[in-house]
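Just so it is clear, the structure is predicted and the values come from calculations on it, not from any experiment.
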Amino acid sequence: MPIPIVNSIASWFLKKRFHQIELFLKYPNEVQQELLSHLLNKAKDTEIGKQYDFQSISDYKTFAERIPISTYEDYQDNIERSRKGENNIFWPEPIRWFAKSSGTTSAKSKFIPVSEDSLEDCHYAASKDLLCMYLNNNEASQLFTGKSLRLGGSKELYKENGTAFGDLSAILIDNMPFWAEFSSTPSSKVSLMSNWEEKMQAIVDETINENVTSLAGVPSWMLVLLNNVLETTGKNNLFDIWPNLEVYFHGGVSFLPYKDQYKSILPNNNFRYYEIYNASEGFFAIQDLNKSSELLLMLDYGIFYEFIPMDTYGTKNEKVIPLSQVEKDKNYAVIITTNAGLWRYKIGDTVRFTSINPYRIKVSGRTKHHINAFGEELIIENAEDALKKVCKKTKSEIVDYTAAPIFMSGKEKGAHEWLIEFKTAPQNIDYFNELLDNALKALNSDYEAKRLNNMTLNKPKIHIGRQGLFYDWLKQNNKLGGQHKVPRLSNTRDYLDDLLKLNS
């Protein structure tokens with residue numbers, strides 16, 4: 001079939017979905033309530049459904065009163081049972097896949113259940129909707145005259161007890177429908193290669209002669225790949241290799257630090273960037289307008305949403321509200337109930353609503369301080385545990401510390417930069433740094449992956465802070481006393497750069 005005909009058919013098919021999207025745009029709260037009833041009814045005969053008597057829950061108020069808010073630690077034992085092949089624990093259909101992501105306070109890695117329903121009705125539905133939104137906004141698009149260069153995780157799937165686990169991207173590629181395989185590059189075989197360095201070169205070799213019209217992947221990883229493409233071909237920008245390239249679909253980490261670098265290798269003001277918001281637990285929101293930083297919350301993917309206002313989060317006055325009660329420009333922690341059996345589950349993200357008609361959001365951060373500039377998801381618990389172990393080995397003591405990313409610049413890799421004020425300093429700061437790096441790798445599988453062979457992250461950089469540095473900074477900023485402190489981890493360099501100036 002000629003490519004222009006394929007493009008026309010695909011455009012027609014995807015645009016039909018837009019009429020369904022209009023339904024939840026017009027009746028968002030009714031769609032969410034109906035979805036909750038469906039989830040409860042479907043899971044009423046599971047262990048958790050019987051425990052909380054889902055069958056008798058007929059409204060949101062009863063649902064919220066009866067079922068507690070949960071975390072990964074609350075689910076961990078049941079997830080382990082499910083991974084070993086037990087069924088009907090928290091979802092009626094067998095769970096065959098588990099998306100591996102970075103750990104919690106008690107585990108190096110989390111294993112998030114991925115059901116058949118969540119694959120089809122959430123993740124794959126979102127992929128189609130993303131194209132639908134894009135084509136609706138860009139009717140002259142020639143997206144389907146070429147292929148999408150997709151960049152997924154570097155881990156292969158590992159089979160165990162009849163179930164499989166791996167990066168979410170590996171699960172999605174392994175189960176990808178034919179229409180996605182047909183329109184994507186590289187091949188699934190290359191996409192699922194486990195050795196990142198070999199995979200990187202294989203992707204370059206397989207894609208430089210393709211007609212690539214779109215890019216899809218995490219900004220930090222994609223930038224490494226695209227720089228390799230330019231180095232291999234000797235070209236100055238990507239349009240010299242792929243003249244029909246028109247859009248980059250990105251998500252996973254903030255795009256802001258990378259924006260200028262992408263513009264330098266994609267020097268065309270008409271090139272488009274489309275952001276998505278997804279995670280191992282589900283696909284949540286899609287940019288639905290050109291040149292917008294707002295994301296449309298998708299309400300019919302089998303995910304029921306609740307929110308905790310961050311001004312009450314973690315306090316005795318903490319409250320949980322449904323979507324119908326959110327307010328514009330307030331910061332909320334996200335709680336989800338999903339078609340993979342997560343019930344009132346804290347995903348750890350925070351969002352801010354930029355619009356409530358329709359519901360559009362911006363991802364504002366995490367409920368805890370963290371660094372996730374490169375997909376490493378380094379959380380405060382990782383840092384505290386690692387420093388505790390390293391201080392014990394080096395017989396050192398820490399007064400205070402902060403850490404932030406060193407963002408990629410040109411061909412320079414990223415890294416983490418630490419500023420530590422010691423009460424008792426280690427005899428050898430380089431040895432301390434090496435131990436800290438290794439401890440973080442042991443505690444956090446995503447950090448370990450990004451540090452593999454220095455492919456994305458270089459070794460950390462550590463500065464020793466002078467005595468009284470953090471106290472002086474707090475005093476200078478009128479933050480002495482109470483609960484004020486310098487954030488231990490930050491996704492921006494604001495605090496670190498301020499402290500480094502004060503330390504010089």
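A donor-acceptor pair under 3.5 Å is absent between the side-chain atoms of Asn138 and the main chain of Leu135, judged by distance alone. Although no hydrogens or angles enter the test, the distance criterion places a donor-acceptor pair under 3.5 Å between the side chain of Gln32 and the main chain of Ile303. Of the possible donor and acceptor atoms, one in the side chain of Ser355 sits under 3.5 Å from a partner among the backbone N and O of Pro358. The closest donor-acceptor contact from the side chain of Glu421 to the backbone of Phe470 lies under 3.5 Å. With hydrogens and angles disregarded, no donor-acceptor distance shorter than 3.5 Å links the side chain of Gln201 to the backbone of Asn228. When atom types are taken as modelled, the side chain of Thr312 and the backbone of Pro309 share a donor-acceptor pair closer than 3.5 angstrom. In this structure a side-chain-to-backbone donor-acceptor pair under 3.5 Å is missing from Thr71 to Lys346. Checking side-chain atoms of Thr402 against main-chain N and O of Pro487 turns up a donor-acceptor pair under 3.5 Å. Between the side chain of Tyr277 and the main chain of Gln287, no donor-acceptor pair closer than 3.5 Å is present. Listed for the Tyr332 side chain is no donor-acceptor partner under 3.5 Å among the backbone atoms of Phe353.
From Leu440, atom CG reaches atom CG of Asp385 across 10.0 Å, with rounding to the nearest 0.5 Å. One finds the OG1 atom of Thr456 at 8.5 Å from the CZ atom of Phe374 (value rounded to the nearest 0.5 Å). With rounding to the nearest 0.5 Å, the separation of CD in Glu281 from OG1 in Thr338 is 8.5 Å. The distance from the CG atom of Leu238 to the OH atom of Tyr248 is 11.5 Å, given to the nearest 0.5 Å. Here the CD1 atom belonging to Ile462 is positioned 4.0 Å from the CG atom belonging to Asn433, to the nearest 0.5 angstrom. Taken to the nearest 0.5 Å, the CG atom of Leu496 stands 11.0 Å off from the CG atom of Leu489.
Annotation: Tyr447 is in aromatic contact with His416 [ring centroid separation under 6.0 Å].
The one candidate from Leu151, Ile203, Asp205, Val204 that meets the side chain to side chain contact (heavy atoms under 4.5 Å, CB included) condition with Pro186 is Ile203. A ring-ring contact (aromatic ring centres under 6.0 Å, His included) with Phe111 holds for exactly one of Phe98, Trp97, Phe165; it is Phe165.
Ion pairing of Glu80 with Arg83 is present here, as a side-chain N (NZ or NE/NH1/NH2) and a carboxylate O approach within less than 4.0 Å. Salt-bridge check for Glu376 with Arg451: failed, with every basic side-chain N at 4.0 Å or more from each acidic carboxylate O.
Taking 4.5 Å as the limit, some side-chain heavy atom of Leu226 sits within range of a side-chain heavy atom of Ile265. Contact annotation: the side chain of Thr337 never approaches that of Tyr345 to less than 4.5 Å [non-hydrogen atoms, C-beta and beyond]. Within the 4.5 Å cutoff, side-chain heavy atoms of Thr350 are placed close to those of Met310. Side-chain contact between Leu457 and Lys413 is absent, with no heavy-atom pair separated by less than 4.5 Å. At least one side-chain heavy atom of Leu143 sits less than 4.5 Å from a side-chain heavy atom of Leu131. Side-chain contact check for Ile398 versus Lys423: every heavy-atom pair is 4.5 Å or farther apart. Phe284 places none of its side-chain heavy atoms less than 4.5 Å from the side chain of Val334. Arg493 has its side chain within reach of Phe407: a pair of non-hydrogen atoms, C-beta onward, lies under 4.5 Å apart.
Side-chain contact check for Thr185 and Arg150: no donor-acceptor pair (N or O, by modelled atom type) lies under 3.5 Å. Side-chain polar atoms of Asn211 and Trp242 form no donor-acceptor pair below 3.5 angstrom. Side-chain atoms of Glu206 and Ser187 include a donor-acceptor pair closer than 3.5 Å. Side chain to side chain, Tyr134 and Asn290 fail the donor-acceptor criterion of an N or O pair below 3.5 Å. Of the N and O atoms on the side chains of Ser445 and Lys100, not one donor lies less than 3.5 Å from an acceptor on the other residue. If you check the side chains of Glu246 and Ser141, you find a donor sitting under 3.5 Å from an acceptor. A donor-acceptor contact closer than 3.5 angstrom links the side chains of Glu294 and Thr354. No side-chain donor-acceptor contact under 3.5 Å links Tyr124 and Asp129.
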Item to check | Residues Lys362, Ser293; criterion side chain to side chain donor-acceptor pair (under 3.5 Å); working and verdict | outcome: CA-CA 7 Å; Lys362 286 187 178 181; Ser293 59; 3.1 Å; yes

Item to check | Derivation and outcome, side-chain contact (heavy atoms from CB on, under 4.5 Å), residues Ile171 and Leu119 | outcome: CA-CA 9 Å; Ile171 293 171; Leu119 267 183; 4.3 Å; yes

Next on the checklist: Set out, in order, the CA-CA distance, both residues' side-chain angles and the distance that settles side chain to side chain donor-acceptor pair (under 3.5 Å) for Asn137 and Tyr274, then state yes or no.
Outcome noted: CA-CA 11 Å; Asn137 294 330; Tyr274 262 62; 3.0 Å; yes

Next on the checklist: Using side-chain contact (heavy atoms from CB on, under 4.5 Å), reason through Val320 and Phe307 one step at a time and then give a plain yes or no.
Outcome noted: CA-CA 6 Å; Val320 184; Phe307 302 90; over 6 Å; no

Item to check | Derivation and outcome, side-chain contact (heavy atoms from CB on, under 4.5 Å), residues Leu502 and Gln476 | outcome: CA-CA 10 Å; Leu502 197 59; Gln476 182 176 291; 3.5 Å; yes

Item to check | From CA spacing to verdict: side-chain contact (heavy atoms from CB on, under 4.5 Å), Met222, Leu215 | outcome: CA-CA 8 Å; Met222 182 62 77; Leu215 307 171; 4.2 Å; yes

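When all heavy atoms of Pro267 and Asn237 are compared, the pair lying nearest together is CD-CB, 3.6 Å. Asn357 and Leu25 make their closest contact through OD1-O, 4.5 Å (heavy atoms, listed as atom of the first residue, atom of the second, distance). In terms of heavy atoms, Pro426 sits closest to Phe432 at CG-CD1, 3.7 Å. When every heavy atom of Ile286 is checked against every heavy atom of Ala126, the shortest pair comes out as CD1-O, 3.7 Å. Across every non-hydrogen atom of Cys132 and Ile21, the tightest pair is SG-CD1, 4.4 Å. When every heavy atom of Leu289 is checked against every heavy atom of Arg360, the shortest pair comes out as CD1-NH2, 3.7 Å.
Identified under the salt bridge (charged side-chain N to carboxylate O under 4.0 Å, His left out) test for residues 303-323, with sequence neighbours left out: Glu306-Arg344.
With sequence neighbours excluded, no residue forms a ring pair (Phe, Tyr, Trp, His ring centres under 6.0 Å) with Tyr305.
Sparse packing is recorded around NZ of Lys235, with 12 or fewer heavy atoms of other residues, nucleotides or ligands lying under 6.0 Å away. Around atom CZ of Phe249, more than 12 heavy atoms belonging to other residues, nucleotides or ligands sit under 6.0 Å away.
The aromatic rings of Phe239 and Phe271 sit perpendicular to each other, their planes meeting at more than 60°, with 30° as the lower class boundary.
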